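Okay, structure first, notes after.
Computed from a predicted model, the values in this text were never measured in an experiment. Order of listing sets the numbers, starting from 1, for every ligand and every atom in it. Scope of the values below: all heavy atoms of this structure, side chains included, with no hydrogens, waters or symmetry mates.
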Amino acid sequence: MQAATNIQNQTLTHAFHALKCKECGAEYELEAKNVCELCFGPLEVKYDYSNLRKTITRKTIEAGPNSIWRYQKFLPVTSENPIDVGTGMTPLVRSHRLARRLGLKKLYIKNDAVNMPTLSFKDRVVSVALTRAKELGFTTVSCASTGNLANSTAAIAAHAGLDCCVFIPADLEAGKILGSLIYSPTLMAVKGNYDQVNRLCSEVANTHGWGFVNINLRPYYSEGSKTLGFEVAEQLGWELPDHIVAPLASGSLFSKIYKGFNEFVEVGLVEAKNVRFSGAQAEGCSPIAKAFKEGRDFIQPEKPNTIAKSIAIGNPADGIYAVEIANKTNGNIESVTDAEIIEGMKLLAETEGIFTETAGGTTIAVLKKLVEAGKIDPEETTVAYITGNGLKTQEAIQAYVGEPLTIDAKLDSFESALERSRTLERLEWQQVLV
Ligand SMILES: *Cc1c(COP(=O)(O)O)cnc(C)c1O
């Protein structure tokens, strides 16, 4: 056992200096380890903020690279050259048409549907995890994934020259499967749901000595999500928003946006504010929303059944921390049906020109539901986190987007098709009106 005592002293050059149990506070060395040996609680990276407060200013950050690595001092890596494939600094879009539709005055969309290199927020956590994996001497990296994580791990491992074996549930969308295979990893499609994949991977992690980004490397991996908090604060002109809405799978992303905001306050980069945290789940997999609504302090695991596969985790590791944060900040956790998720995807596309996947549809549908219930004030500066790209989950909306008008390459064919489509539109409008 390697508890509290012999912690490496890296504080002179690096602010992170230990892994610490979120439950009992026991400290460990900075190795590949995610569970406390004393109480089985999750481990988290601990920093010396007094050191950061002295060395970091808005200017030093603004002078950094145009990627997540402008926040390197807040991330658990020591490399001079971390793996930088342009991850992060995605657009924070001021919404006008969606805002008006919902009746909000200051709505922003944080658009990780265009994150690099694989079009989801997972590129953030994987860039950090694989940089750390190399530092710790791993030559093979792996993960238990709902789809996007496998895409990111395979792509960034290819870039970094690491061997890669990733695990997914066998029933994922074609775009998610192809989006991993193109990088030629070993891809294990497990007959089972994510929670079964995860259990299998925990066993493999113990026997094969691989770096599993979201298992034994999880404390480092999860820190990457803080950059979704940092970027929003910086992009709002070094200010925190009033309210954020984000999707919940394991609850890690949600908890780390919270940690990111608090760190910026702690080191004096932004003024303190109670940011309200609201979480989004699909009704077909909503163990965190149910715990929140029933006022429970434990998660009741469930079997997922939803089109929002990327956030379908029935036994979420950080679920209880998400409930805590929503309660503490006067936020909410809501769930929506698959039909509402599809509407959410279409609504964001039609009002903002952003094509998100089912997870983003979940976020937008929950945003709408919270506004309609009076749980988001129109005056609040609100940020909705869009975490993935719609091109990866085409089968979810295929039946709901209409069809192209196929015509001959002749002017009259075009004119009559145009007339038919306008008549159809008028009819649809009449149906809406009656
Ligand atoms: C993984 C994922 C999430 C949520 O991740 P957690 O950190 O496990 O809560 C949200 N959106 C998308 C698109 C994802 O792939």
Contacting atoms of ligand 1, where contact means under 4.0 angstrom from a heavy atom of [X]:
| X | value |
| --- | --- |
| L253 | 6 (P), 7 (O), 9 (O) |
| E357 | 13 (C) |
| P247 | 10 (C), 11 (N) |

>> Closer than 3.5 angstrom, by distance alone: can the side chain of R276 be matched with the main-chain N or O of N330 as a donor-acceptor pair?
In response: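 Yes; judged by distance alone, with no hydrogens or angles, the pair exists.
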>> Under 4.0 Å, heavy-atom basis, I'd like to know which part of I311 is in contact with ligand 1: side chain, backbone, both or neither.
In response: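 The answer is the side chain of I311.
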Polar-atom distance check: [X] versus ligand 1, any N or O pair below 3.5 Å?
| X | value |
| --- | --- |
| S120 | no |
| F121 | no |
| N148 | yes |

>> Between F264 and F74, is the ring centroid distance below 6.0 Å?
In response: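 Yes, the ring of F264 comes within the 6.0 Å limit of the ring of F74, centre to centre.
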> Is R53 salt-bridged to D48, going by a charged N under 4.0 Å from an acidic O?
Replying inline: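 Salt bridge between R53 and D48, a charged N being under 4.0 Å from a carboxylate O: no.
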> With a 4.0 Å cut-off, would you call E62 and R70 a salt bridge?
Replying inline: no
Protein heavy atom at shortest distance from [atom]:
| atom | answer |
| --- | --- |
| atom 12 (C) of ligand 1 | T387 OG1, 3.4 Å |
| atom 4 (C) of ligand 1 | A249 CB, 3.5 Å |
| atom 8 (O) of ligand 1 | S250 OG, 2.6 Å |

>> Would you say E352 and S95 are linked by a side-chain donor-acceptor pair, where the criterion is simply a distance under 3.5 Å?
In response: yes
> Mind checking whether F277 and F261 have parallel, tilted or perpendicular rings, split at 30° and 60°?
Replying inline: perpendicular
